[in-house]
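Note sheet for the following structure.
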Amino acid sequence: MNTLTRLLGVIDALRFLNQFQVGSGDYTVERVQLAKDDTVKSVIAGIKAHRKR
């Protein structure tokens with residue numbers, strides 16, 4: 001912890017450590033539900049729209 005804080009600073013050390021907290025739920029099931037209506041064409045269109053912003 002001391003090394004992380006010294007090298008990254010307090011805020012970035014906390015951000016780093018927060019990446020490893022155990023979450024809840026089942027990512028795979030949630031991902032399937034979120035992407036069930038996606039097609040290759042819709043994903044590509046979304047990427048192109050995002051790039052134009």
Query raised in the report: Could you give all pairs that pass the side chain to side chain donor-acceptor pair (under 3.5 Å) test and reach residues 26-40, with sequence neighbours left out?
Result: Thr39-Ser42

Requested in this report: Share the residues that join Leu17 in a hydrophobic cluster, the rule being Ile, Leu, Val, Met, Phe, Trp or Tyr side chains under 4.5 Å apart at the heavy-atom level.
Outcome: Met1, Leu4, Leu8, Phe16, Phe20

Query raised in the report: For atom CD1 of Ile11, is the number of surrounding heavy atoms from other residues, nucleotides or ligands below 6.0 Å larger than 12?
Result: no

